[in-house]
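In listed order, ligands and their atoms are each counted from 1.
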Amino acid sequence: MRVSGAKNAALPIMCAALLTEQPLALTNVPRLMDVRTMAKLLGQMGVSVGAQADDKLEIPATTLSNPEAPYELVKTMRATVMVLGPLLARCGRARVSLPGGCAIGSRPVDQHLKGLRAMGATISVEHGYMHARTERLRGTRIVMDLVTVTGTENLMMAATLAEGTTVLENAAREPEIVDLAKCLATMGARIEGAGSDVIRIEGVRALSGARHRVMPDRIETGTFLAAAAAAGGRIRLTGVAADSLEATLEKLREAGARISAKEGLLEIEMTDRPASVSLRTAPYPGFATDMQAQFMALAAVARGTAMITETVFDNRFQHALELQRLGANIAIRGDTAVVKGVERLQGAKVMATDLRASAGLVIAGLVAQGETVVDRIYHLDRGYEALEKKLFTLGARIERVK
Ligand code: EPU
């Protein structure tokens with residue numbers, strides 16, 4: 001089964017297209033609702049985004065008549081806040097809605113604002129909107145108070161066109177940041193250190209168009225591997241970047257899976273009931289919070305007890321209650337879920353609450369006795385390309401019900 005391009009790399013890279021008048025031609029773009037939402041937002045700004053043909057997407061931000069991100073779009077997808085840095089850098093002004101609440105935690109954007117202000121932007125918040133202005137952003141040293149992925153991406157993009165050098169300290173180190181930096185470098189940006197916690201960006205006057213292939217989706221990859229580990233069997237995934245999911249692979253091995261990796265290929269074989277594995281989410285290279293729900297589903301049917309601690313978001317256990325409806329034995333103690341594995345889950349009707357929670361519920365449904373119906377799958381369509389078709393190809397009995 002072929003893995004798609006990474007959602008969380010494609011979204012910031014689409015925002016990077018705003019930094020130049022010339023077209024950015026992307027391949028390996030996943031066909032997802034979130035990508036369509038971002039394209040719609042860029043379209044509203046006056047950018048004539050081409051229609052996505054298979055995995056190809058061309059974004060020529062030649063005209064940018066309306067540097068705004070309205071509440072209606074920002075509230076459906078927080079990643080839209082990443083237009084703020086590029087808009088300020090290119091147009092010297094932006095009006096972007098504050099994202100508001102979120103199903104997995106409080107998720108403020110104070111670090112994005114702190115960084116842009118340090119670079120000389122004036123930002124006020126009025127009537128739910130961030131109004132930002134600047135003559136030209138100036139490079140400076142920014143120490144982030146905490147590790148934020150989109151915060152790092154927003155500031156890195158803004159800094160590419162700033163006057164002088166920007167140093168981002170305590171930067172996030174996610175592989176998607178490295179992919180964005182690669183794309184920016186092809187566009188002519190001068191960036192050093194992406195993938196480490198100190199990123200140095202020397203501003204240039206202008207960026208040019210480029211071609212870029214989006215990296216493989218490590219979370220989609222991990223989701224299929226976790227599904228195979230829970231259900232048993234052997235699957236082979238192609239088009240993957242195995243080195244971007246070391247922490248996940250290590251935990252799967254601990255659960256008893258045999259995994260082999262070759263250039264672009266990952267194979268997993270699981271013959272026994274999984275052993276329970278405890279884990280603690282953390283920024284990269286730690287265990288990804290975006291894999292936590294899938295591993296909770298795995299722990300639900302494992303031998304023994306797993307302690308699953310969520311340290312990145314403050315409310316990312318909503319799937320635990322739904323898993324309990326399937327017969328899972330889970331107790332939440334603060335930021336830790338204590339999961340006692342049961343021999344068998346039972347199929348039931350459950351409700352998806354966010355993207356990765358939905359993936360966890362689908363995995364649980366695959367191994368539960370009888371039929372499981374997952375409701376509100378629009379969450380899944382935001383971030384997984386044809387999940388049910390891909391799982392069906394791998395032997396799962398799954399279908400989309402209108
Ligand atoms: N935070 C702040 N202030 C800020 C920014 C973040 O307090 O200014 C806090 C957040 O509230 C959170 C923590 O910092 O507690 C980390 O959040 P981060 O900013 O890193 O998350 P994000 O950039 O909004 C990205 C992914 C998420 C993924 C997280 C963590 C994209 C588009 N989204 O979000 O992906 O969970 O990093 O790895 O890259 C998903 O794909 O399902 C998803 C939610």
Can you find an N/O atom of [X] closer than 3.5 Å to an N/O atom of ligand 1?
X	result
Ser106	no
Glu174	no
Asp110	yes
Leu146	no

Using a heavy-atom cut-off of under 4.0 Å, does the side chain or the backbone of [X] touch ligand 1, or both, or neither?
X	answer
Asp290	side chain
Arg107	both
Val149	both
Thr150	both
Glu153	neither

For [X], atoms of ligand 1 separated by under 4.0 Å from a heavy atom:
X	value
Lys7	40 (C), 41 (O)
His112	8 (O)
Leu355	42 (O)

Can you pull out the closest protein heavy atom to [atom]? Residue, atom name and distance to 0.1 Å, please.
atom	result
atom 30 (C) of ligand 1	Thr289 CG2, 3.7 Å
atom 12 (C) of ligand 1	Val312 O, 3.4 Å
atom 39 (O) of ligand 1	Asn8 CG, 3.3 Å
atom 42 (O) of ligand 1	Arg356 NE, 3.0 Å

message = With the threshold set at under 4.0 angstrom, would you say Gly151 reaches ligand 1 through any of its heavy atoms?
response = no
ask   = Do you know which two heavy atoms are closest between Leu361 and Met351, and how far apart they sit?
value = CD1-O, 3.4 Å
request  = Step through the shown structure and confirm whether more than 12 heavy atoms of other residues, nucleotides or ligands are within 6.0 Å of OH on Tyr378.
outcome  = yes
Ring centers of Tyr129, Tyr71 separated by less than 6.0 Å = no
query = Please walk me through it: do Glu310 and Arg316 pass salt bridge (Lys or Arg N to Asp or Glu O under 4.0 Å)?
reply = CA-CA 7 Å; Glu310 173 60 52; Arg316 210 176 194 180; 5.3 Å; no
query = Among Arg316, Arg382, Lys114, Arg78, whose heavy atom sits nearest atom 44 (C) of ligand 1?
reply = Arg316
request  = Apply the side-chain contact (heavy atoms from CB on, under 4.5 Å) test between Tyr384 and each candidate in Val362, Ile219, Ile377; give the one that qualifies.
outcome  = Ile219
